[in-house]
Amino acid sequence: MVKKISIAIDGPAGAGKSTIARRLAAEMGYHYVDTGAIYRTVAYFFDLWGVSPKDIDGITRYIDELTIRIEYDAEGVQHMIMNGMDVTNDIRTQEISQKASIISAHAIVRDMLLDMQREVAQQHNVIMDGRDIGSVVLPKATVKFFLTASPEIRARRRTKELLEKGQRADYEKILKEIEQRDYQDTHREVAPLKMTRDSIKLDTSDMGIDEVIAAMKEAIAKKVVR
Ligand code: DC
């Protein structure tokens with residue numbers, strides 16, 4: 001089998017990873033794999049079961065009841081299927097963001113999801129975003145990026161995005177939640193968010209999306225001959 005190309009994009013919440021990864025994937029004809037959505041699906045499942053994301057005994061007891069599938073529709077949009085149910089939209093709340101950040105710290109959860117993520121990358125050329133893609137999931141990724149921006153900028157972008165969708169958004173609250181998630185995601189013992197030495201770091205605080213994408217494409221072109 002021809003070795004597939006994989007582009008890893010890691011970074012903290014709100015750094016623009018998913019927007020950028022989605023566009024890059026569409027332009028390059030690769031599969032976009034949003035791994036945060038997989039952790040969100042786990043968090044959503046235990047939320048429905050009334051199990052706290054910190055309750056490792058409860059998680060261990062019920063985790064075998066959970067099956068997760070990733071599907072792609074005709075437009076290439078990733079859908080999360082939890083026990084046969086499409087939960088793609090249900091997992092996009094602030095509450096599930098926080099719960100996903102807590103639940104993703106458990107080794108039993110991460111172990112369960114590792115093969116699923118690697119399998120997609122064995123079958124397709126992928127642009128995969130998350131927290132541990134370059135460090136754990138795809139350590140041999142063709143190109144690794146680490147996308148970041150100041151917490152204030154990330155909170156401002158997130159506030160704007162919610163307001164544009166007609167939802168309520170409180171900048172101060174969003175900033176606090178982003179800082180809390182940053183702390184949790186970087187301080188956990190298993191697969192914490194960190195930049196690997198072979199990653200290309202892009203601070204997007206003062207960069208527009210087009211500029212970031214152009215910089216990434218240039219870096220990819222040096223490694224991938226098309
Ligand atoms: O990317 P996101 O905001 O949808 O991710 C939600 C949470 O899931 C994030 O705060 C930490 C966790 N996560 C993870 O631990 N590892 C990944 N590869 C992706 C997400």
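Both counts, for ligands and for their atoms, begin at 1 and track the order of listing. Computed from heavy atoms alone, side chains included, the values below leave out hydrogens, waters and symmetry copies.
- Shortest contact from atom 17 (C) of ligand 1 to any protein heavy atom: Arg131 N, 3.4 Å.
- For ligand 1, the polar-atom distance check finds an N/O of Arg110 within less than 3.5 Å of one of the ligand's N/O atoms.
- Atom 8 (O) of ligand 1 has as its closest protein heavy atom Tyr39 CB, 3.6 Å.
- Residue, atom and distance of the protein heavy atom nearest to atom 20 (C) of ligand 1 are Gly36 CA, 3.6 Å.
- Contacts between Gln180 and ligand 1, counted as non-hydrogen atom pairs separated by less than 4.0 Å, are absent for every part of the residue.
- Looking only at protein heavy atoms, the nearest one to atom 12 (C) of ligand 1 is Ser104 OG, 3.5 Å.
- A pairwise comparison of heavy atoms in Lys99 and Pro53 identifies O-CB, 3.8 Å as the closest pair.
- With a 4.0 Å heavy-atom cut-off, ligand 1 is reached by no atom of Ala13.
- Between Asp185 and ligand 1, at least one N/O pair is under 3.5 Å apart.
- The atoms of ligand 1 that sit less than 4.0 Å from any heavy atom of Gly130 are 17 (C), 18 (N), 19 (C).
- For Gln184, the heavy-atom gap to ligand 1 stays at 4.0 angstrom or more.
- Pairs engaging residues 107-116 under the side-chain hydrogen bond (donor to acceptor under 3.5 Å, both in side chains) rule: Tyr39-Arg110, Arg110-Asp132 [sequence neighbours left out].
- For atom 4 (O) of ligand 1, the closest heavy atom belonging to the protein is Arg40 NE, 2.6 Å.
- Taking Tyr171 as the reference, nothing meets the ring pair (Phe, Tyr, Trp, His ring centres under 6.0 Å) condition, with sequence neighbours excluded.
- Ligand 1 is never approached by Gln117 to a heavy-atom distance shorter than 4.0 Å.
- Ligand 1 has a nitrogen or oxygen under 3.5 angstrom from a nitrogen or oxygen of Thr35.
- Remark: minimum distance from atom 6 (C) of ligand 1 to any protein heavy atom is reached at Arg181 NH1, 3.4 Å.
- Ring-plane geometry between His187 and Tyr183 is classed as parallel, the angle between the planes falling under 30 degrees on a 0 to 90 degree scale with a further cut at 60.
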